[in-house]
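Numbering of ligands and ligand atoms starts at 1, following listing order.
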Amino acid sequence: MSNQRIDLRSDTVTRPTAAMRKAMAEAEVGDDVLGDDPTILELERLTAEILGKPAALFVPSGTMANQLAIRCHTQHGDEILLEAQSHVNWYEAGAPAALSGVNCRTIQGVRGLFTAEQVRAELRPANIHHAPTRLLILENTHNRGGGSIWPLDQMQQVCAVAHDAGIATHLDGARLWNASIASGISEADYVKHFDSVSVCFSKGLGAPVGSALAGSVEFIQRARRFRKQFGGGMRQSGIIAAGALYALKHHRLRLADDHLLARQLATGLSKLNHLIIKPETVQTNMVYFDVLTMTAAEMAARLQQQDILMLPTASHTLRAVTSLEVDAEKINRTIDVIRQIVG
Ligand SMILES: *Cc1c(COP(=O)(O)O)cnc(C)c1O
């Protein structure tokens with residue numbers, strides 16, 4: 001990829017830095033399926049510590065982390081509650097049905113967020129007609145919600161309704177790091193009320209591969225067996241864990257830079273004609289905007305001709321995500337090019 005290219009498709013496009021590659025090359029490794037890869041053990045220990053959970057498990061992807069959580073919390077024929085636009089519902093290839101045999105019932109959120117009353121409205125008395133509701137999933141930050149952040153008290157109220165009804169809670173925290181940097185609320189405070197949480201090292205943190213699932217010791221023990229069953233047991237995986245460990249130690253604070261760039265992009269775009277964007281809704285590293293005079297696919301194609309990459313996410317909606325691959329100059333060029341395209 002040339003350095004002239006401006007890649008705003010996702011924060012997953014981040015390539016490992018030279019220092020990260022060095023840490024990976026020098027990583028001490030063992031066999032993690034046999035439980036003796038020291039770099040994996042160190043990453044799992046530090047991740048659990050940051051999240052304030054007793055244990056954590058390294059996994060190949062955020063999808064696997066979420067699906068392990070669903071598999072651990074449910075049995076086939078159960079039901080899970082999740083937001084309609086959530087990653088688990090949109091982008092995980094039908095895995096809840098395929099891997100755990102559960103029914104997904106969705107809650108319609110506003111920018112991905114919903115209320116305790118909405119959860120209460122979904123509760124049903126035990127009855128042989130119904131699939132038992134076992135798990136509620138939240139997402140923070142919410143990807144299709146525009147990188148939106150859950151207010152802590154709203155999250156706690158939603159979790160309390162679930163727990164009072166005997167329903168477990170899981171947080172898809174792929175970008176929890178972004179929520180914490182933007183709000184000043186620690187990761188541990190965000191996840192205190194959840195039974196389990198998933199986090200990604202391969203998004204804004206910039207590691208090439210990897211995610212983690214965290215929860216109680218018994219929960220993670222159970223997840224470890226299902227990880228093996230799902231084909232996620234890895235051997236000298238300390239090589240990739242070293243990238244994640246480096247990211248965790250060195251790249252969390254710099255997420256604030258991504259958030260500034262996203263705001264710069266949103267503010268710039270808000271001054272252009274034929275676009276709809278609400279800069280005040282840009283809370284982290286994601287900018288969603290609507291284009292009125294062409295389809296999102298046409299816009300993405302026009303941008304690509306100028307070496308700028310964005311993803312269409314609906315017929316007239318595009319997503320731009322900032323990361324360590326972009327800087328202020330690239331954002332300014334992006335705004336200029338879009339100005340030329342929309343006129
Ligand atoms: C990226 C992402 C994941 C995990 O995606 P993988 O590509 O499987 O690592 C999970 N949840 C959210 C909200 C995401 O944005």
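In terms of polar-atom proximity, S211 is not counted as a contact of ligand 1, lacking any N or O under 3.5 Å from an N or O of the ligand.
Within the listing of ligand 1, atoms 4 (C), 6 (P), 8 (O), 9 (O) sit less than 4.0 angstrom from a heavy atom of G62. For ligand 1, the atoms closer than 4.0 angstrom to any heavy atom of E139 are 13 (C).
The list of salt bridge (Lys or Arg N to Asp or Glu O under 4.0 Å) pairs with a residue in residues 118-141, not counting sequence neighbours, reads D78-R134, E79-R124, R105-E122, E117-R120.
Closest to atom 15 (O) of ligand 1 among all protein heavy atoms lies R175 NH1, 2.7 Å. Of the protein's non-hydrogen atoms, K203 NZ, 1.3 Å is the one closest to atom 1 (C) of ligand 1. Looking only at protein heavy atoms, the nearest one to atom 8 (O) of ligand 1 is T63 OG1, 2.5 Å. At the top of the distance list for atom 11 (N) of ligand 1, counting protein heavy atoms only, stands D172 OD2, 2.6 Å.
Of all heavy-atom pairs between A247 and M20, the closest is CB-CE, 3.9 Å. Nearest heavy atom pair, residue D11 against residue T322, reads CB-O, 4.1 Å. The minimum heavy-atom distance linking A182 with T284 is given by the pair CB-CG2, 4.0 Å.
At a heavy-atom distance under 4.0 Å, atoms from both the backbone and the side chain of S61 approach ligand 1. Only the side chain of N66 comes within contact range of ligand 1, with a heavy atom under 4.0 Å; no backbone atom does.
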CA sep, side-chain torsions, deciding dist, call: R224, E44, salt bridge (charged side-chain N to carboxylate O under 4.0 Å, His left out): CA-CA 12 Å; R224 194 176 290 281; E44 291 178 346; 3.6 Å; yes
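Using a distance-only test at 3.5 Å, with no hydrogens or angles considered, no donor-acceptor pair links the side chain of S100 to the main chain of V102.
Taking the six-membered ring for Trp, F114 and W150 have ring centres closer than 6.0 Å.
In this structure, M64 has no heavy atom closer than 4.0 Å to ligand 1.
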